[in-house]
Amino acid sequence: MPLYQDQTIQIYNTLSGQKEVFKPIEDGYVGMYVCGPTVYSNVHLGNVRTFMSFDMVFRYFKHLGYKVRYVRNITDAGHLENDADAGEDKITKKARLEQIEPMEVVQRYTVDFHNILNTLNFLPPSIEPTATGHIIEQIELIKTIIDNGFAYEVNGSVYFDVHKFNETNNYGILSKRKLEDLIHNTRALDGQSDKKNPQDFALWKRAEPQHIMRWPSPWSDGFPGWHLECTAMSTKYLGDNFDIHGGGMDLKFPHHECEIAQSEAAKGLSPVNYWMHANMLHLNGQRMSKSTGNTVNPDELLSGNNDFFSKAYIPSVIRFFNAQSSYRSILDLTDDGLAASEKGFFRLMDAINALDHLETNNTSTFDVTKWRQKCYDAMNDDFNSPILIAHLFEAAKQINQIKDGNASLTSEDLTLLKNTMYDFTFDVLGLVNVSKTDTGTDKLSGAVELLIQLRQEARANKDFALSDKIRDELAEKGIQLNDGKDGTTFTTN
RNA sequence: GGCGUCUUGGCCGAGUGGCUAGGCAGAGGUCUGCAAAACCUUCUACAGCGGUUCGAAUCCGCUAGACGCCUCCA
């Protein structure tokens, strides 16, 4: 029997503004779409945070035994610099600046994106469609929207008629805006003369002669609008009405609002049952922003080659740091915060690695079954990973108590504890086990063992000058000796 | 200006109308020749003011501050 039958998940739905019991459209199946990156530059860490949060959601659904179809797109065309008619496609612009083909831009940064996500131990999505691979679907969608009277063509471009749509539907339902307010507050941009109203958005743009990325359509040689891509790709693979749509908080308006409008205009129904939005990542108290230089790339964080952090951090520490806060909270990335997470992460790993060497007993002093359900309860409550981690640390404390002989578990309970720890730490949180007491190569290990032995002899002879010299000089070379009850071990850093 | 969010102990970060979050740091202890590491124990909270309530950090209002979206943005 799959686990999900025993667990009730609550999801905070942006659409309703509250937590709702998750009920998939089809029992046992979950359809989830997340807006992927626009591949016009190196993916930045804030970007990664959103995907990391949804990677965890994906992992949890899978762990519960759901069959999940997780679609995360690659935006490789159509994403404009701004909404004005003069707005340039981001990828085209980059190609022009670097004097290469747009598809070279796309290829370069798609590869970069995948490399980073692999390094950070992401699970690949079920389908990763590209916008350029779904031009036909987008054209068909536009035709339908025009036929239904919610879009109009001007000079080869097609725009969505927001005012018309709002007469029968609710434009602003997701972002809690009123069209009236938008009308009063829309900044007047130059070059918007093609649109009936500034609130209208492009479904198809006619390409200027110098524009390389272009496809034929009934209206002009041109390219699709950004909002349209996600509607075309999500509904193609998940159906006209699917379970979950995720993305960054900043996409709520206008991007996701427009997706709803497009779907309703084309199919007559709301596309998504649960809208999930991940909050922003800050860097030292400020929003990451390329324009102010307040940004750090994942590879810079992993290599330590940056101006913000005192050292390099391994991928699992970054994942752990992220999981220690709620996906719905703003998370501030700081050196202190990462360093604190690093220590906690290694402490947790040490406890997990100790599981293999625990002795069992006839009685258990710790209710493992109850604890296990608390772990599920945490994740069931809108994927509350910080609470889950608190429970994992509670288990870590128990493990240490058992090690010290102050607590005990039956072998049955120990197996349950171990399996649960593994499930949540590695499968759900996506952490990778790193033993801090990794002894490195055999050669190194042998040499250090010899030195440890010599030091033991020196200590036995009360030659502390020699023993301390061995300890200190090894430390200088990055080898830390740890004196314990059962002898001395070493760690490298 | 419009709409919305947030303000928790030294730091990060959960949460609930009355019952321990957790991590890091600090303090004390165990261990040790000493130290480090490891482990155990432990002190600091709920922006301010007013209201509802037997009881509020948790609900409501006001004030102050921070932030997000409204233009591209995960």
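Each chain gets a letter, A, B and so on, in the order the sequences are listed, and its residues count up from 1.
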- Note on the structure: CE of A:M213 to NZ of A:K205, rounded to nearest 0.5 Å, is 16.0 Å
- Paired to B:U58 by Watson-Crick or G-U wobble criteria (both distances under 3.5 Å) is none
- Message: Rounded to whole Å, how long is the line connecting atom CG of A:L281 with atom C1' of B:C67?
- Response: 14 Å
- Query: Quick check: are there more than 12 heavy atoms from other residues, nucleotides or ligands sitting under 6.0 Å from CD of A:E457?
  - Reply: yes
Only pairs under 3.5 Å count here: list side-chain donor-acceptor contacts from residues 331-341 of chain A, not counting sequence neighbours, and write none if there are none.
residue : atom : partner : partner atom : Å
A:D332  : OD1  : A:N284  : N            : 3.2
A:D332  : OD1  : A:G285  : N            : 2.7
A:D332  : OD2  : A:G285  : N            : 3.1
A:T334  : OG1  : A:G337  : N            : 3.0
A:D335  : OD1  : A:S310  : N            : 3.2
A:D335  : OD1  : A:S310  : OG           : 3.4
A:D335  : OD1  : A:Y313  : OH           : 2.9
A:D335  : OD2  : A:S310  : N            : 3.4
A:D335  : OD2  : A:S310  : OG           : 2.8
A:S341  : OG   : A:Q324  : OE1          : 2.6
A:S341  : OG   : A:G337  : O            : 3.3

- Query: Counting any heavy atom closer than 4.0 Å, what does A:G337 reach on the DNA or RNA strands: base, sugar-phosphate only, or nothing?
  - Reply: nothing
- Task: May I have the distance from A:K19 (atom NZ) to B:U16 (atom C1'), rounded to whole angstrom?
- Result: 11 Å
- Query: Relative to A:F122, does A:R319 satisfy both conditions: NZ or CZ under 6.0 angstrom from the six-membered ring centre, and within 45 degrees of the ring's axis?
  - Reply: yes
- Message: Should A:F393 be counted as stacked on B:G23, where stacking needs a ring-centre gap under 5.5 Å and an angle between planes under 30 degrees?
- Response: no
- Query: Does any residue of residues 394-403 of chain A have a heavy atom under 4.0 Å from RNA chain B, and if so, which ones, in number order?
  - Reply: A:K397, A:N400, A:Q401
- Check the angle between the aromatic planes of A:H256 and A:H277 and answer parallel, tilted or perpendicular using the 30° and 60° thresholds. tilted
- Sugar-phosphate only, base, or nothing, as touched by A:R177 at under 4.0 Å among non-hydrogen atoms: base
- Check whether any side-chain N or O of A:R347 sits under 4.0 Å from OP1 or OP2 of B:G23, and answer yes or no. yes
- Nearest-angstrom distance, C1' atom, B:U58 to B:G18: 11 Å
- Task: Taking only the side-chain nitrogens and oxygens of A:K90, find out if one of them lies under 4.0 Å from OP1 or OP2 of B:C72.
- Result: no
- Message: Treating A:D381 as the side-chain partner and A:N384 as the backbone partner, does any N or O pair qualify as donor plus acceptor under 3.5 Å?
- Response: no
- Examine B:G33: is either OP1 or OP2 under 4.0 Å from a nitrogen or oxygen in the side chain of A:S467? Give yes or no. no
- Message: Using a 4.0 Å heavy-atom cut-off, does A:K462 contact any base of the nucleic acid, only the sugar-phosphate backbone, or nothing at all?
- Response: nothing
- Message: B:G15, OP1 or OP2 - any side-chain N/O from A:N384 closer than 4.0 Å?
- Response: yes
